[in-house]
Q: 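Before anything else, here's the structure in question.
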Amino acid sequence: MHSAKKRMWILASILLLAVIGYYIYLYFEPDPQRISYNEFIRAVDKGKVAKVYLDDRDLLRGEFKGGTEFITDNPRKEGFKEELLKKGIAVDEMARQSQIRDTGSFLITMGVFGGFLYFLSTKTVKQAQGGMGKISSISVYPEDDKKVTFDDVAGIDEARESMKDVIDFIRNPEKYARYGARLPRGIILYGPPGTGKTLLAKAVAGEAGVPFYAVSGSDFVQVYVGVGAGRIRDLFKKARESGKCVIFIDEIDALGKKRDRGIDGGGNDERDQTLNALLAEMSGFKDNEGIVVIGATNRLDVLDPALLRPGRFDRHIEVGLPDVKGRYEILKLHSRGKPLSSDVDLYKVAQQTVYFSGAKLESLMNEAAILAAKRDSGYIEQSDIDKAFYIVMAGLEKKDRSTIDRFDREITAFHEAGHALVTKLIAPEHSVSRVTIIPSTKGMGGFSMNIPPDRMYYRKRDMENTIKIALAGRAAEEIVFGQDNVTTGASNDLERATEVLLDMIRRFGMGKSTGLLNYDVLYSNGIRQVSDEVLTQCSETMNIFYEEVKGLLIMHRDTLEAIATALLEKETLDEDALDQIIMERDKGRETA
Ligand code: ADP
Ligand code: ZN
């Protein structure tokens with residue numbers, strides 16, 4: 001292993017020196033002398049020309065017998081070679097390579113080599129396992145030689161589970177084809193930066209044992225029209241040649257953003273062309289090819305709907321910030337091979353790193369290891385981790401979520417506990433699959449998954465319950481923290497509540513004094529004066545609901561606090577844990 005690494009280093013150094021030497025040579029080599037065609041003919045006649053490079057361009061390069069180079073027009077192509085040969089002039093029909101003498105490409109080559117050397121210096125060189133793809137014309141992520149597997153991914157179990165079938169699809173496409181199943185061609189992983197989307201995609205390739213091609217959406221934009229589309233075709237061509245593989249497109253929103261209506265007018269031609277090329281390539285897959293395209297984005301809602309249609313990127317998997325248990329798993333993973341002192345309690349570290357992404361946790365452990373190495377005391381101690389914590393935090397933006405203060409967390413916990421408890425109290429037929437105070441990409445502080453039963457018709461009381469559940473977050477805030485401390489966290493809830501209430505009054509004839517009229521029909525017939533009445537009735541009804549919810553929460557305040565406390569500690573509660581807390585409280589009340 002060690003000598004392999006050494007050999008790679010020596011090889012890289014020799015290559016680097018050779019390239020530098022070549023460019024220095026090109027740089028000092030005199031520019032060819034520019035001569036007219038007539039001068040050239042005369043030189044030929046006088047036997048002064050030693051060699052000519054012919055290609056199919058309109059320019060002709062050559063060398064005089066003294067070695068000086070010249071360049072001239074080449075108006076004739078047919079039969080020219082014979083004529084020159086007859087005169088004893090050597091003819092080379094290969095294009096001369098000296099087009100690349102400009103410093104720009106010199107710098108690029110240097111950059112590539114620099115990157116290569118850096119890559120060597122940071123990674124242990126192992127034999128490539130499972131193969132890895134490179135696309136030369138597109139910048140490809142520096143590949144780890146190390147095969148990434150699911151063992152390298154922690155704390156995002158749901159996303160990891162969802163990717164499991166994808167691996168089976170890649171491994172055995174024939175099996176699925178036999179049953180006539182349409183394989184997923186495109187998968188979108190969405191979630192905040194650093195949560196392991198790239199890692200997960202790599203792990204899929206690693207687990208399936210196929211090459212991994214990675215590009216970034218931003219590589220395809222801001223180039224000339226048509227170039228991006230060409231690069232896409234290039235990418236897929238290379239991928240196809242390698243057979244089964246995973247193609248990963250990071251920042252896919254860069255090429256598949258919603259087309260802005262209005263301002264942008266016709267939209268961005270280059271981006272559209274690139275996007276269309278991507279869609280065309282994807283629909284050109286045969287179902288049993290075993291090629292899967294995985295796109296990553298921070299936000300799903302900015303993507304062009306064309307990208308998300310069936311047969312395209314039709315699987316969407318959220319990769320969210322890890323909760324405390326997830327963070328614990330990730331910390332454990334990134335402590336592998338690090339000598340932790342016995343005073344380190346990783347679970348405690350997990351509790352102190354709310355809103356940290358996997359990437360941040362990785363860098364926390366890495367900084368701690370660096371500090372420990374500097375001290376050279378043999379172990380990473382808790383104090384190293386504490387210091388690393390400040391280093392990592394200092395490197396973050398102020399508005400970063402991980403600096404959210406304790407008060408915000410508490411408010412969020414009570415807000416979410418309010419939603420969850422009221423759901424359980426008034427609409428037990430809803431399932432609350434999860435309550436969490438970890439912000440999701442969809443929303444504000446935290447969010448409760450509250451799934452109403454699937455029905456054809458909704459009863460009036462179902463709609464009222466929906467409104468009450470939406471109001472419960474704000475109500476809990478008010479009860480616990482007082483009227484002056486309620487937050488903006490309820491804005492989505494109020495939007496939802498207002499929509500449902502308006503529907504009840506205007507469309508479903510469920511308003512108290514507004515009767516069975518459809519207000520949209522009234523409006524479209526020019527009868528507009530009802531609006532004040534609708535407004536008054538809405539806000540009155542809303543207040544009645546709100547007071548009712550508040551009363552309910554006050555009555556069950558102990559349960560509310562128990563749920564909020566559990567949320568502050570565990571951050572996420574599943575339905576069982578929630579039921580457990582409510583049951584215990586109920587029992588307590590009965591015996592009291
Ligand atoms: P994303 O693509 O979502 O921005 P990455 O996959 O690039 O995030 O994550 C960067 C690094 O952070 C990974 O290489 C890994 O070291 C660490 N990391 C992030 N999420 C996880 C996770 N869930 N489990 C283990 N490591 C993680
Ligand atoms: Zn809410």
Side-chain angles (χ1 to χ4, degrees), residues 10-117 134-140 219-235 237-238 241 269-270 273-274 277:
I10 294 171
L11 187 68
S13 310
I14 292 172
L15 277 173
L16 180 66
L17 283 177
V19 168
I20 292 176
Y22 178 60
Y23 276 107
I24 289 176
Y25 162 73
L26 284 181
Y27 194 76
F28 286 108
E29 196 193 19
D31 272 331
Q33 198 185 337
R34 173 115 213 169
I35 57 173
S36 75
Y37 189 66
N38 284 335
E39 281 171 71
F40 168 64
I41 297 295
R42 247 174 279 138
V44 169
D45 286 339
K46 286 187 188 153
K48 281 189 190 161
V49 175
K51 189 168 188 183
V52 163
Y53 300 100
L54 276 186
D55 60 16
D56 52 5
R57 257 166 285 180
D58 288 326
L59 286 180
L60 182 154
R61 284 172 173 276
E63 257 174 49
F64 288 121
K65 285 206 166 120
T68 355
E69 282 195 33
F70 65 84
I71 185 166
T72 186
D73 292 310
N74 178 15
R76 342 190 303 186
K77 277 163 201 157
E78 297 299 323
F80 199 34
K81 184 177 174 185
E82 195 191 359
E83 202 176 316
L84 291 171
L85 285 175
K86 274 188 194 154
K87 293 204 159 108
I89 298 169
V91 176
D92 189 344
E93 280 190 290
M94 298 293 285
R96 185 78 217 271
Q97 299 261 315
S98 56
Q99 324 293 21
I100 41 167
R101 68 175 60 211
D102 66 293
T103 31
S105 58
F106 175 67
L107 289 177
I108 290 169
T109 313
M110 290 300 287
V112 169
F113 265 91
F116 183 49
L117 286 182
K134 300 256 176 201
I135 292 116
S136 52
S137 63
I138 307 160
S139 61
V140 175
D219 293 343
F220 294 95
V221 291
Q222 285 170 352
V223 283
Y224 302 110
V225 173
V227 174
R231 284 182 180 173
I232 289 275
R233 284 189 286 269
D234 211 33
L235 168 65
K237 190 164 156 262
K238 290 202 169 119
E241 278 162 11
D269 273 357
E270 168 54 16
Q273 279 199 16
T274 310

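Numbering starts at 1 and runs along the sequence shown.
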Q: Give me the atom names and distance for the closest heavy-atom approach of R233 to A277.
A: NH1-CB, 4.1 Å
Q: A229 and Q273: which non-hydrogen atoms are nearest, and at how many Å?
A: CB-O, 3.8 Å
Q: Using every non-hydrogen atom in the two residues, find where F64 and A43 come nearest and quote the distance to one decimal.
A: CE2-CB, 3.9 Å
Q: Kindly compute the distance separating NZ (K237) from CD (E241), expressed to the nearest 0.5 Å.
A: 5.0 Å
